[in-house]
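Accompanying notes for the structure given below.
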Amino acid sequence: MITPEIAPANFIRNIIENDLATNKWGGRVVTRFPPEPNGYLHIGHAKSICLNFGLAQEFKGSCHLRFDDTNPTKEETEYVESIEADVRWLGFDWGEDLFYASDYFQALYDHAVALIKQGKAYVDDQSAEAIRATRGTLTEPGKDSPWRSRTVEENLDIFTRMAAGEFEDGSRVLRAKIDMAHPNLHMRDPTLFRIRKVSHHRTGGKWCVYPMYDYTHCISDSIEGITHSICTLEFEDNRILYDWFLDELALYHPQQIEFARLNLEYVVVSKRKLLTLVKEGHVGGWDDPRMPTLSGLRRRGFTPESIRLFCERIGVGRKESWIGMDVLEKAVRDDLNPKAPRVMGVLDPLKVVIDNYPEGQVEELEAPYFPDDPPRMGSRKVPFSRELYIEREDFLESPPKKFWRLAPGREVRLRWAYFVTCTGLVKNDQGEVIEVHCAYDPATKGGDSPDGRSPKGTIHWVSAPQSLTAEVRLYDRLFAVPRPDSEERDFRDLLNPDALKIIPHAALEPSLAGARAGERFQFERKGYFFADPQDSAPGKPVFNRIVTLRDSWAKIVEAQKKGR
RNA sequence: UGGGGCGUCGUCAAGCGGUAAGACACGGGUCUUUGGAACCCGCAUUCGCAGGUUCGAAUCCUGCCGCCCCAGCCA
């Protein structure tokens with residue numbers, strides 16, 4: 001197991017601890033995760049989910065799942081289902097606390113009527129363009145609407161008729177009457193309700209006026225008895241409205257707290273761009289293993305634990321920050337290292353003939369699944385014969401300094417098998433090595449020599465005749481540059497062409513024929529792999545590479561290059 | 001030139017007036033039948049800058065500088 005990491009302190013936890021100490025909320029901690037059901041959840045949402053559900057868990061409170069479905073033109077049931085599945089997959093449970101903003105449409109309407117009666121809201125007959133034109137600018141105040149001083153009675157009458165469907169979409173809106181000269185633009189008479197004569201995924205045709213976010217969110221939080229309403233930094237300016245509505249309506253008043261959203265290098269997370277990748281076929285779908293969506297990460301083979309570990313490690317603050325992809329990769333390695341059984345698979349096969357090994361002979365060699373803890377899960381038998389495959393990159397005709405693998409005259413250990421020494425090689429017309437010849441030392445069976453010598457290199461291998469041919473998909477970072485969003489070029493041109501390499505005929509050890517869909521393994525020296533849950537069939541697994549192993553040889557090579 | 005925020009190691013991030021946690025990355029080493037893992041050591045005399053208050057400041061005050069967000073009938 002990964003050593004349990006102590007959840008690092010953060011300012012939100014501090015606020016909660018302080019509130020608990022002062023009994024501000026009567027000992028309650030109630031948070032919520034409020035997605036709009038208009039797209040798939042991605043790694044950025046995971047941060048928010050882990051924060052909200054994690055805090056609730058830690059303080060024995062609760063976290064509500066609430067769909068913010070106030071805009072029927074953009075929201076669909078398909079998305080609520082995928083969101084529920086993703087949150088559950090991440091390991092969180094909202095219990096009975098599943099809500100929809102649309103549950104509160106009537107209450108929202110009633111509160112609007114109350115605001116009208118208080119003279120705090122009015123119906124504006126101006127067009128959207130006119131409203132925009134009179135909002136003023138960052139430095140100049142706006143102008144009052146000509147409809148701002150309608151009587152309460154008239155406002156009540158028209159608002160009622162708006163809700164009854166008497167007016168066309170866009171013909172008028174209900175606005176709060178605050179201050180058109182306020183320095184915070186959100187306070188310049190924000191819209192409360194707009195007319196939308198469209199069917200809503202839950203309320204159908206019941207409503208033709210729909211409430212806006214600022215008005216809806218605070219009241220929804222209030223109704224549900226939320227204590228800490230955690231959202232991202234871009235809503236900082238909206239907090240003034242959150243507070244204004246609740247104060248004017250004299251309702252239970254949760255505290256809105258903002259934190260910096262996640263920025264992850266080498267991916268893009270905007271719905272528009274992700275959708276483009278899917279629609280234009282740059283990826284196979286929302287759950288393509290290259291995608292930063294939770295469904296993509298799941299399909300790739302990431303574990304929920306690894307995502308949670310990642311979220312814990314990146315912390316929570318109010319500073320715009322960028323997290324390197326290596327942090328996510330490290331998190332999944334750390335999670336899988338103690339969990340994934342070790343097996344051998346050759347991704348780029350190079351044939352090896354052991355000349356002094358009897359033709360036709362096959363030995364079954366013992367190979368532990370967890371070499372660092374052999375009793376655990378025991379071992380499997382791996383066949384060994386005269387003809388093997390090794391990784392093409394594990395042989396070099398003229399090896400550079402510090403290369404410890406196979407080369408002419410060089411002895412290496414074949415993992416769990418024998419020491420072999422390279423005695424010759426065969427090339428094709430293009431001068432490429434297509435076959436390597438070796439001699440094995442029968443005294444080194446199992447990988448130990450009686451004379452105590454130990455080769456510098458140990459490489460993996462698979463017996464050719466018994467090998468399992470399987471498709472392996474090597475995934476890597478989606479983009480070739482760390483911050484695709486801040487580049488001038490079209491983001492499509494920044495995609496990493498090597499984000500997916502399909503190997504149709506990898507040579508795997510035969511035990512893998514028994515791999516079940518959804519199982520994870522470490523292919524020794526190569527990385528962690530996941531039997532694709534959709535494309536694997538009994539006896540015919542298809543593997544996705546989740547992440548490579550840390551590769552210090554690659555670092556040496558790079559250093560040598562630079563040194564030159 | 002309005003309003004709201006943010007600036008602590010390469011990247012995140014603790015710290016809340018008492019003399020800079022931790023993680024990732026990086027460097028070195030031990031061990032090793034994965035150049036994996038594990039383990040050990042190192043890694044900010046300094047907290048955007050400049051002043052000030054104080055016995056004492058990353059923490060308080062003042063002034064600068066830099067970066068982000070806001071002008072949807074989106075959320």
Side-chain angles (χ1 to χ4, degrees), chain A residues 5-6 8-11 14 34-36 38 68 70-71 73-75 101 124 126-129 131-133 135-142 169-175 181-188 190-196 209-210 212-214 216-217 231-240 258 260 265 312-324 326-327 329-331 333-334 337-338 342 344 367-368 371-372 402-405 413-417 419 444 446-448 454-460 522-527 548-556:
Chain A
E5 292 176 27
I6 311 104
N10 69 57
F11 77 101
N14 292 347
E36 180 185 13
N38 73 339
D68 223 331
T70 58
N71 187 348
T73 61
K74 298 168 65 176
E75 296 144 7
D124 193 340
Q126 293 184 107
S127 66
E129 301 73 59
I131 288 178
R132 191 182 317 125
R135 184 153 19 234
T137 69
L138 295 179
T139 52
E140 303 157 23
D169 284 15
S171 59
R172 57 205 78 199
V173 293
L174 183 72
R175 289 227 258 173
H182 198 105
N184 181 327
L185 302 243
H186 293 278
M187 292 292 268
R188 323 246 260 225
T191 301
L192 267 43
F193 276 90
R194 74 285 215 191
I195 302 172
R196 282 274 185 290
V209 289
Y210 291 95
M212 298 287 290
Y213 166 84
D214 286 309
T216 305
H217 207 84
C231 61
T232 45
L233 251 28
E234 60 269 30
F235 291 101
E236 246 168 335
D237 291 341
N238 301 59
R239 190 177 60 229
I240 192 170
E258 311 86 15
E265 291 186 337
E312 196 165 289
R313 286 181 177 176
I314 60 177
V316 180
R318 286 176 68 85
K319 183 174 63 174
E320 284 269 355
S321 60
W322 281 88
I323 306 294
D326 55 314
V327 181
E329 292 169 345
K330 168 76 169 160
R333 282 189 198 112
D334 285 351
N337 176 43
R342 270 57 170 177
M344 293 194 286
D372 292 333
K402 290 187 183 170
F403 181 85
W404 304 333
R405 285 111 95 149
R413 169 165 38 230
L414 295 179
R415 183 82 159 154
W416 310 123
F419 293 0
T444 57
D448 284 309
S454 182
K456 199 101 161 129
T458 298
I459 64 176
H460 62 282
Q522 184 196 104
F523 288 6
E524 290 200 69
R525 306 208 309 133
K526 293 274 78 176
T548 60
L549 253 34
R550 181 162 166 256
D551 187 355
S552 44
W553 169 241
K555 272 180 219 164
I556 293 171

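To find a chain, count down the sequence lines: A is the first, B the second, and so on, and within it residues start at 1. Basis for what follows: all heavy atoms, side chains included, without hydrogens, waters or symmetry-related copies.
With B/C24, B/A14, B/C12 as the choices, the nucleotide that has an atom nearest any side-chain atom of A/Ala9 turns out to be B/A14. For A/Arg405, the listed nucleotide lying nearest its side chain is B/G35; candidates were B/C12, B/G35, B/G2.
Distance A/Trp322 CH2 to B/C12 P: 10 Å, rounded to the nearest Å. One interatomic measurement links the two molecules: CD of A/Glu329 to C1' of B/G36, which rounds to 15 Å at whole-angstrom precision. A/Trp553 places its CH2 atom 20 Å from the C1' atom of B/A37, with the value rounded to the nearest Å. Atom CZ in A/Phe11 sits roughly 16 Å away from atom P in B/C12 (whole-Å rounding). Between A/Glu258 atom CD and B/G5 atom P there is a gap of 8 Å when expressed in whole angstrom units. In this entry the distance linking CD of A/Glu312 with C1' of B/G22 reads 12 Å, nearest Å. Remark: P of B/U34 and CH2 of A/Trp416 are 7 Å apart, rounded to the nearest angstrom. Taking atom CZ of A/Arg333 as the reference point, atom P of B/A38 lies 11 Å away to the nearest angstrom.
Of the candidates A/Arg135, A/Arg188, A/Arg194, A/Arg175, A/Asp124 forms a salt bridge (charged side-chain N to carboxylate O under 4.0 Å, His left out) with just one, namely A/Arg175. A/Leu174 pairs in a side chain to side chain contact (heavy atoms under 4.5 Å, CB included) with only one of the listed residues (A/Ile195, A/Val209, A/Leu192), which is A/Leu192.
The base of B/U34 is paired with the side chain of A/Gln522 by a donor and an acceptor separated by under 3.5 Å. Contact of A/Arg239 with B/G4 (side chain to base): no donor-acceptor pair of N or O atoms is detected under 3.5 Å.
Across every strand in view, B/G18 sits in a pair with B/C55 that passes the Watson-Crick or G-U test at under 3.5 angstrom. With a cut-off of 3.5 Å on both pairing distances, B/C9 has no Watson-Crick or G-U wobble partner at all. Here B/C74 sits opposite no nucleotide as a Watson-Crick or G-U wobble pair (both hydrogen-bonding atom distances under 3.5 Å). When Watson-Crick and G-U wobble pairs are counted only if both distances are under 3.5 Å, B/U34 pairs with no nucleotide at all.
Distances shown here put a side-chain N or O of A/Lys319 below 4.0 Å from the OP1 or OP2 atom of B/A13. A sub-4.0 Å separation between OP1 or OP2 of B/A23 and a side-chain N or O of A/Arg313 is absent. Side-chain N/O atoms of A/Arg318 include none lying less than 4.0 angstrom from OP1 or OP2 on B/G5. Taking only side-chain nitrogens and oxygens, A/Lys555 comes nearer than 4.0 Å to OP1 or OP2 of B/C26.
Look at the C1' atom in both B/A44 and B/G5: the space between them is 26 Å, to the nearest Å. B/A25 and B/C43 have their C1' atoms separated by 11 Å, given to the nearest Å. Comparing the C1' positions of B/C61 and B/C67 gives an interatomic distance of 24 Å, to the nearest angstrom. Distance noted for atom P between B/A58 and B/G48: 10 Å (whole Å). Taking atom P on both nucleotides, B/U8 is separated from B/A50 by 16 Å, rounded to a whole Å. Nucleotides B/U34 and B/C12 place their P atoms 36 Å apart, quoted to the nearest Å. Comparing B/C74 with B/A37, their C1' atoms are spaced 48 Å from each other, to the whole Å. Annotation: B/U46 and B/G51 have their P atoms spaced 15 Å apart (nearest Å).
Remark: the A/Asp237 side chain and the A/Asn184 side chain contain no N/O donor-acceptor pair separated by less than 3.5 Å.
Looking at residues two or more places apart in sequence or on another chain, you find no side chain to side chain contact (heavy atoms under 4.5 Å, CB included) involving A/Asp372. Residues satisfying the salt bridge (Lys or Arg N to Asp or Glu O under 4.0 Å) test with A/Glu234, not counting sequence neighbours, are none. Applying the ring pair (Phe, Tyr, Trp, His ring centres under 6.0 Å) rule to A/Phe193 yields the partners A/Phe159, A/Tyr215; only residues at least two apart in sequence or on another chain are considered. A/Tyr213 pairs by the ring pair (Phe, Tyr, Trp, His ring centres under 6.0 Å) definition with A/His217, A/Phe235, not counting sequence neighbours. A/Trp553 pairs by the ring pair (Phe, Tyr, Trp, His ring centres under 6.0 Å) definition with A/Phe403, not counting sequence neighbours.
Using a 4.0 Å heavy-atom cutoff across all strands shown, A/Ile459 reaches no nucleic acid atom at all. At a threshold of 4.0 angstrom between heavy atoms, the contacts of A/Phe403 include nucleobase atoms, whether or not backbone atoms are also involved. Looking at heavy-atom distances under 4.0 Å, A/Trp404 makes contact with a base. Using a 4.0 Å heavy-atom distance criterion, A/Asn38 is classed as making no nucleic acid contact. Note on A/Arg413: a base of the nucleic acid sits closer than 4.0 angstrom, heavy atoms only.
Taking the side chain as every heavy atom from C-beta outward, A/Ile240 and A/Met187 approach each other to under 4.5 Å.
B/G72 adopts a syn glycosidic conformation, its chi angle falling within 90° of 0.
At a threshold of 4.0 Å, the pair A/Asp334-A/Lys330 counts as salt-bridged, since one of the basic side-chain nitrogens sits closer than that to a carboxylate oxygen.
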remark   = With B for base contact, S for sugar-phosphate-only contact and - for none (protein heavy atoms under 4.0 Å), nucleotides 68-75 of chain B reads SBBBSBSB
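Between A/Gly457 and A/Val316, the residue anchored closer to the 5' end of RNA chain B is A/Val316, taking for each the nucleotide with the nearest heavy atom.
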